[in-house]
Structures are given as structure tokens and as C-alpha cells.
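What follows is a set of notes on a single structure, which appears directly below.
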Amino acid sequence: MAKKKTTTKRFDFFSINYILKEKKSYDLKHLDNYFQSIYKSLQEGKDVKPIECYKQVFVGISKVEKIYIDEVVRNDYYWVINFSKVDTEKESSVANVTADINKGRQYYASGEDEGPVTDTVVLLNPFNSVVIIPTNRDGFGKNLLQKFLYKATKKRGAQISIIVDGSSLNKVNLMDNPKEVELRVAKIADVKRIKNPNTTAQNAQNLLLDAESDKVYIKLNSSTAFNGKLKKIIGGLQKLVGNEKIEASTLRVIGEHDDEPQIIDLVSERITFLDENIMLDSHGKLTVNNMFKSIERAYKGRRKELDLFEQTIRAIERRNE
């Protein structure tokens with residue numbers, strides 16, 4: 001079988017903040033210090049023990065790099081981290097696809113303290129709160145990252161939410177007459193409770209995650225342009241669809257601008273990056289080192305949008321002072 005020379009990965013962009021006294025804080029010094037200590041330990045050859053995030057699910061760090069955005073000035077930087085997820089409940093096997101799957105299968109990781117390892121490379125910028133995670137539903141997503149950061153630093157209140165293209169949010173804010181907000185997701189629980197105005201975004205998300213059915217459609221109508229509260233409504237729904245286990249197909253704002261119909265979909269216009277040229281090794285395998293290079297390309301490829309996003313969070317910080 002001919003080996004592929006390259007592969008393709010999509011990267012999702014998130015922002016991490018902490019809720020302190022009902023206000024958002026983008027102060028991530030504790031995370032910066034934590035990754036600095038891990039980086040130093042690995043440089044010195046010390047052991048970095050994995051953390052049990054859930055029952056029989058452990059997460060460790062096997063590689064960390066500190067990348068300066070400007071090598072001359074050397075002020076702002078971001079961390080690129082390889083998280084290794086181990087599930088000791090699962091048994092692993094390797095199969096040769098040129099032969100019968102069962103006959104060619106080899107088993108390993110059968111001990112009670114062993115399990116299959118899934119490596120996921122993540123980028124975190126402690127200065128502008130940006131987190132980049134490759135799309136990988138079987139590996140290490142934002143929920144597991146959030147759990148790991150709490151276990152590692154003991155600081156509560158973390159929120160990791162998707163970053164929407166700033167131009168799309170501006171269009172929503174500038175819409176003359178917003179009339180409807182539509183949300184479609186591929187998970188459903190108690191629809192009446194989800195639609196109840198007293199149900200918070202977090203509770204609605206929990207209801208969806210615990211569901212057995214497969215979709216929900218919520219439509220909000222307003223004859224008063226949502227009384228100027230559209231931004232708050234959108235923020236709550238964005239938290240809902242920010243979970244990688246929730247398959248959100250649309251989050252649309254429908255209305256009029258300059259007397260013309262306007263539809264803005266905030267799910268399709270979230271910030272992502274597609275790298276279609278990630279090198280594979282001589283055996284056709286995707287290595288951690290090449291994922292490090294790819295996720296750096298993702299950050300640089302969306303630098304303009306991320307700089308605009310940083311201006312937004314700086315404005316939020318000034319408002320909260």
C-alpha cells in the first residue's frame with residue numbers, strides 16, 4: 001500500500017477565561033506559571049506524573065515548547081503542549097490492514113495500570129486567552145482540557161468557549177431589526193426545560209449531554225428586537241454549542257438591515273484553520289513534532305483575527321476594572 005506523504009487537520013479556536021464574582025477574568029498567570037514549571041521539569045529530565053481527570057482516564061504532558069510571537073522583542077509567547085490521554089479501562093490492539101483483521105491483530109496494554117495513549121497537541125496563549133485544539137472527538141477536547149487545568153492548578157471557574165469571527169459578531173450587533181434566533185443541535189433531552197427562560201446555558205448543556213435522542217430545534221422570536229439583549233442571548237447560546245460533544249448545525253440570527261433581509265450563522269462563521277499539508281513520516285504516520293509545526297501554522301494563519309479578538313478582551317478587562 002502506497003504511503004501518503006501528507007495529511008489534513010482542522011483546528012478549532014477557543015478562548016479561556018475565569019468567572020470571578022460574576023465577571024470574566026482573562027488573567028491566566030497561574031496557567032502560564034504551571035506550564036513554565038512543567039517545561040522546566042521536562043527540560044531537566046524529571047518525571048511529570050499524569051493526572052487522573054475521570055475514573056480510569058489519565059492525562060499527562062510529554063512535551064512542551066515556549067514559542068515567542070516576536071523573536072526580537074520576546075514579550076508575548078504561547079505554549080504548545082502535547083497532552084497524552086490514557087484510558088486504563090480499554091485494551092489496545094494493532095492490526096495489519098494487508099491481512100485478515102483478526103488474524104493479524106496484536107494485543108497490548110492489558111495491565112490494570114496500562115491503556116491506549118491518544119496524543120493531542122494544544123496551543124495556549126496566556127496573554128490573549130486563545131486556545132487551539134485539533135478537531136478530534138475521540139481524543140482530548142476542550143472539556144477534558146478544562147478538567148485537567150482544574151486538577152492541575154486547583155482554580156475553579158474556567159470557561160472555554162468558541163471564538164466567532166469578529167466581523168460576524170459585529171454584523172449581529174449592527175443589525176437594525178433582529179427578529180429571530182434559531183438554534184439547531186444534534187442532542188436533545190427535556191425540550192420544555194431547555195426552552196424554559198429560567199434554565200441557564202450550563203443547565204441546558206448538561207441536559208443535552210445526558211440525552212438519548214438526537215436533535216433539538218429552538219426558535220426565539222421578538223417583536224421588539226429582543227429589547228437590546230440580543231448580545232446576552234447569543235452569548236448564552238454560544239456557551240451551549242461550545243461543547244465538542246454537542247453537534248451544533250446552526251446558530252442563526254434572522255432579521256433586517258437597511259430594510260433588507262439578513263441571516264447570520266454564528267456556527268459556520270467560527271474561527272477555524274485547515275492545514276492540508278501536514279507531513280507524515282517515512283512510515284506514513286503523523287508525528288507529534290509535525291503536529292507542533294502544524295498548530296503553529298494555524299496560529300499564524302489566523303493572526304489578524306486573533307489580534308482583533310485580543311482588542312476585544314482588553315476592552316472587557318478595562319470595563320471590569
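Legend: residues meeting salt bridge (Lys or Arg N to Asp or Glu O under 4.0 Å) with K154, ordered by chain and number and at least two apart, are absent. Not a single side chain to side chain contact (heavy atoms under 4.5 Å, CB included) links K304 to another residue, sequence neighbours left out. Qualifying salt bridge (Lys or Arg N to Asp or Glu O under 4.0 Å) partners for D32, counting only residues two or more places apart in sequence or in other chains: none. Residues forming a side chain to side chain contact (heavy atoms under 4.5 Å, CB included) with K179 (at least two apart in sequence, or on another chain): N177, E256. With sequence neighbours left out, the ring pair (Phe, Tyr, Trp, His ring centres under 6.0 Å) criterion links Y34 to no other residue. For T272, the side chain to side chain contact (heavy atoms under 4.5 Å, CB included) test picks out R10, D12, R270, with sequence neighbours left out. With sequence neighbours left out, the salt bridge (Lys or Arg N to Asp or Glu O under 4.0 Å) criterion links E182 to R252. In this view, F148 and F83 satisfy the ring pair (Phe, Tyr, Trp, His ring centres under 6.0 Å) rule, not counting sequence neighbours. A search for side chain to side chain contact (heavy atoms under 4.5 Å, CB included) contacts involving R303 returns I69, Y299, D307, not counting sequence neighbours. Residues satisfying the ring pair (Phe, Tyr, Trp, His ring centres under 6.0 Å) test with Y150, not counting sequence neighbours, are none.
Between V59 and F140, the closest side-chain pair of non-hydrogen atoms falls below 4.5 Å. Taking 4.5 Å as the limit, some side-chain heavy atom of V121 sits within range of a side-chain heavy atom of V288. Put simply, the side chain of T6 does not reach to within 4.5 Å of the side chain of E276, judged on heavy atoms. Residues I67 and Y77 have side chains not in contact (no heavy-atom distance under 4.5 Å, counting atoms from C-beta outward). Here the side chains of L306 and N125 are not in contact, with every heavy-atom distance at 4.5 Å or above. In this structure the side chain of T135 never reaches within 4.5 angstrom of the side chain of K9, judged on heavy atoms. Contact annotation: the side chain of V131 approaches that of L145 to within less than 4.5 Å [non-hydrogen atoms, C-beta and beyond]. Residues F58 and I51 form no side-chain contact, since every pair of their non-hydrogen atoms from C-beta on lies 4.5 Å or further apart.
Residues V130 and L308 do not share a hydrophobic cluster, clusters being chains of Ile/Leu/Val/Met/Phe/Trp/Tyr side chains in contact below 4.5 Å. L274 and F13 are members of different hydrophobic clusters when ILVMFWY side chains are connected at heavy-atom separations under 4.5 Å. V64 and V48 fall within a single hydrophobic cluster, where Ile, Leu, Val, Met, Phe, Trp and Tyr are joined by side-chain heavy atoms under 4.5 Å apart, directly or via other members.
Between the OG1 atom of T118 and the CG atom of D87 there is a distance of 8.5 Å, given to the nearest 0.5 Å. Note that CG of N17 is 9.0 Å distant from CD1 of I160, once rounded to the nearest 0.5 Å. From I81, atom CD1 reaches atom CG of L123 across 7.0 Å, with rounding to the nearest 0.5 Å. The line from CD of E310 to OH of Y26 is 11.5 Å long, rounded to the nearest 0.5 Å. If you take CD1 on I16 and OG on S25, they are separated by 10.5 Å, rounding to the nearest 0.5 Å. Rounding to the nearest 0.5 Å gives a distance of 11.0 Å between CG of L286 and CE of M279.
Looking only at atom types and distance, the side chain of K24 has no donor-acceptor partner in the side chain of Q159 under 3.5 Å away.
Listed for the N290 side chain is no donor-acceptor partner under 3.5 Å among the backbone atoms of F292. Remark: the backbone N or O of N82 is not paired with any side-chain donor or acceptor of K63 at under 3.5 angstrom. The backbone N or O of K285 sits less than 3.5 Å from a side-chain atom of D281, completing a donor-acceptor pair.
K155 forms a cation-pi arrangement with Y18, by the criterion of a distance under 6.0 Å to the ring centre and an angle within 45° of the ring axis.
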Report task. Take F11 and I295 through the side chain to side chain contact (heavy atoms under 4.5 Å, CB included) test and state the conclusion after the steps. Result -> CA-CA 8 Å; F11 295 90; I295 205 167; 3.7 Å; yes
**Report entry** K85 and L144: CA distance, side-chain angles, deciding distance, side chain to side chain contact (heavy atoms under 4.5 Å, CB included) verdict
**Finding:** CA-CA 9 Å; K85 171 188 169 186; L144 189 50; 3.9 Å; yes
Query raised in the report: Does the pair S15 and S129 meet the rule for a side-chain hydrogen bond (donor to acceptor under 3.5 Å, both in side chains), with working shown?
Result: CA-CA 5 Å; S15 171; S129 83; 2.7 Å; yes
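Each side chain to side chain donor-acceptor pair (under 3.5 Å) pair with one or both residues in residues 46-58, not counting sequence neighbours, appears once here: E44-K46. Sorted by first then second residue, the salt bridge (charged side-chain N to carboxylate O under 4.0 Å, His left out) pairs that include residues 286-301, not counting sequence neighbours, are D275-R297.
Considering all non-hydrogen atoms of both residues, C53 and K151 come closest at O-CE, 3.9 Å. Nearest heavy-atom pair across F309 and N128 is CE2-O, 3.6 Å. Here the closest non-hydrogen pair linking L124 and F35 is CD1-CE1, 4.2 Å. Nearest heavy atom pair, residue W79 against residue K66, reads CZ3-CB, 3.4 Å. Heavy atoms only, all atoms of each residue included: P126 and L28 are closest at O-CB, 3.7 Å. Heavy-atom minimum distance, Q146 versus A158: NE2-O, 3.2 Å.
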